[in-house]
Amino acid sequence: MPELPEVENYRRFFAERAVGRIVLRVVVTDPTTVRNASARAFARALAGRTFLRADRHGKWMLARTDGPTLLVHFGMTGDLIWSGDEPPRHRHDRVIFELEGGDELRYRNMRRLGGVWLAHDAGEERTVLGDLGPDALTVGRREFLGHLARRRGGAKAVLMDQRFAAGVGNLIADEVLWQARIHPKRSVASLDAADRARLFGVLRKVLTTAVEEFDYLQSRPAWLSHVRGQPGARCPRCRAPLARVTAAGRTTYLCPRCQPPPG
DNA sequence: TCGCTTGTTGATGG
DNA sequence: GCCATCAACAAGCG
């Protein structure tokens, strides 16, 4: 599931359910999910701690405690599960936080892409998160355009580069480029001022909308995402059949009429 | 069996 | 050094 909008909703969910609560015990059912500590050290470091705040940067969730910070990446299939919504544990619940009062928060991930890390200070946090660009939801227009001016390469590759703007994944990139009428393989160097301004405005609009409507894939029939991947799908704007190509190494859907190819 | 999946990283070649 | 591509990781589905 998770690109920026999903992770932002996980963050809000975590803030509602876990912030202010004490961790009684941490159960690691899959040690490979804990990435920069042993399962035992990870569990011991968080036991007895209180979750103070939940932040997000791009696709990362950062859960602050009165001890170390818990860093969570959801990969392609990660999720947060609350025991009150789903009492029985599931085989893909790989880390379980037992909270004071008897509730559990569970990190579920079918595939093992993603995981959890601990950071004991700001330096460790930077090491784990890597070289992330500004968060794609909150980046300002000036900073966005400044970063864009220094980049070369295809528009989709740049949008999805976490060093450019953190949080944009394969689906959001397709949606943004389709709404902005920019071909995914178009070189960003070839974009004129109007293209760049449109790209920023659309990115902002798509992300803010998707964050507030968790089921935007279903609830926005005028969006590309609503029909993306369906056999025989047509452009919601002009009804032309969608094209399927590979760009930036990922399956990409676009409208050949609305998004004219480069050259 | 093969191909595909909303992610990231490292190797490789131009 | 930059950029594009591909394999690998991983588990499930059609």
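All values derive from a computational prediction rather than experimental measurement. Computed over heavy atoms, backbone and side chain alike; hydrogens, waters and symmetry mates excluded. Every chain is numbered from 1 and lettered A, B, ... according to where its sequence line falls, protein lines coming before strand lines.
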Modelled atom types, side-chain donor and acceptor of A/Thr69 and A/Arg64, under 3.5 Å
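Yes, A/Arg64 and A/Thr69 have a side-chain donor paired with an acceptor closer than 3.5 Å.
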Within the structure shown, what part of the strands sits under 4.0 Å from [X] by heavy-atom distance: base, sugar-phosphate, or nothing?
X        : answer
A/Arg163 : nothing
A/Ser225 : nothing
A/Gly229 : nothing
A/Arg150 : nothing

Ring-plane angle category for A/Trp60 and A/His73, please: parallel below 30°, perpendicular beyond 60°, tilted otherwise.
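Ring orientation, 0 to 90° scale: perpendicular.
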Report the relative orientation of the aromatic rings in A/Phe14 and A/Phe51; use parallel for angles under 30°, tilted for 30 to 60°, perpendicular for over 60°.
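Correct class here is perpendicular.
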Could you say whether A/Thr246 or A/Arg151 is positioned toward the 5' end of DNA chain C, judged by the nucleotide with the nearest heavy atom to each?
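Nearest-nucleotide comparison on DNA chain C picks A/Arg151.
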Quickly work out the [X] [atom1] to [N] [atom2] distance and round it to whole Å.
X        : N      : atom1 : atom2 : result
A/Arg94  : C/dC9  : CZ    : P     : 16 Å
A/Asn170 : B/dG7  : CG    : C1'   : 10 Å
A/Arg35  : B/dG7  : CZ    : C1'   : 11 Å
A/Trp60  : B/dG7  : CH2   : C1'   : 11 Å
A/Phe164 : C/dC2  : CZ    : C1'   : 16 Å
A/Met110 : C/dC13 : CE    : P     : 7 Å
A/Asp161 : C/dC3  : CG    : C1'   : 11 Å
A/Leu132 : B/dT8  : CG    : P     : 9 Å

Proximity to the side chain of [X] - top-ranked nucleotide from [options]:
X        : options              : value
A/Arg152 : B/dT5, C/dC3, C/dA10 : C/dC3
A/Leu113 : B/dC4, C/dA4, C/dC9  : C/dC9
A/Arg91  : B/dG7, C/dG12, B/dC4 : C/dG12
A/Arg244 : B/dC4, C/dA10, B/dG7 : B/dC4
A/Ala157 : C/dA4, B/dT5, B/dG7  : C/dA4

Does the cation-pi check pass for A/Arg228 over A/Trp223, that is, NZ or CZ under 6.0 Å from the six-membered ring centre and within 45° of its axis?
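The answer is no, since A/Arg228 fails at least one limit relative to A/Trp223.
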Does a side-chain N or O from [X] land closer than 4.0 Å to OP1 or OP2 of [N], or not?
X        : N     : answer
A/Lys156 : C/dA4 : no
A/Arg111 : B/dT5 : no
A/His73  : B/dT8 : yes
A/Thr251 : B/dT5 : yes

Provide the distance between the two P atoms, one in C/dG1 and one in B/dT8, to the nearest whole Å.
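Nearest-Å result for C/dG1 against B/dT8 at atom P: 24 Å.
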Mind checking who B/dT8 pairs with, Watson-Crick or G-U wobble, both distances under 3.5 Å?
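Pairing partner: C/dA8.
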Given A/Glu212, which of A/Lys205, A/Arg220, A/Arg12 fulfils the salt bridge (Lys or Arg N to Asp or Glu O under 4.0 Å) condition?
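The residue from A/Lys205, A/Arg220, A/Arg12 that satisfies salt bridge (Lys or Arg N to Asp or Glu O under 4.0 Å) with A/Glu212 turns out to be A/Arg12.
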Minimum heavy-atom separation for A/His57 to A/Ala166, with atom names?
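Nearest pair, atom of A/His57 first, then A/Ala166: CD2-CB, 3.7 Å.
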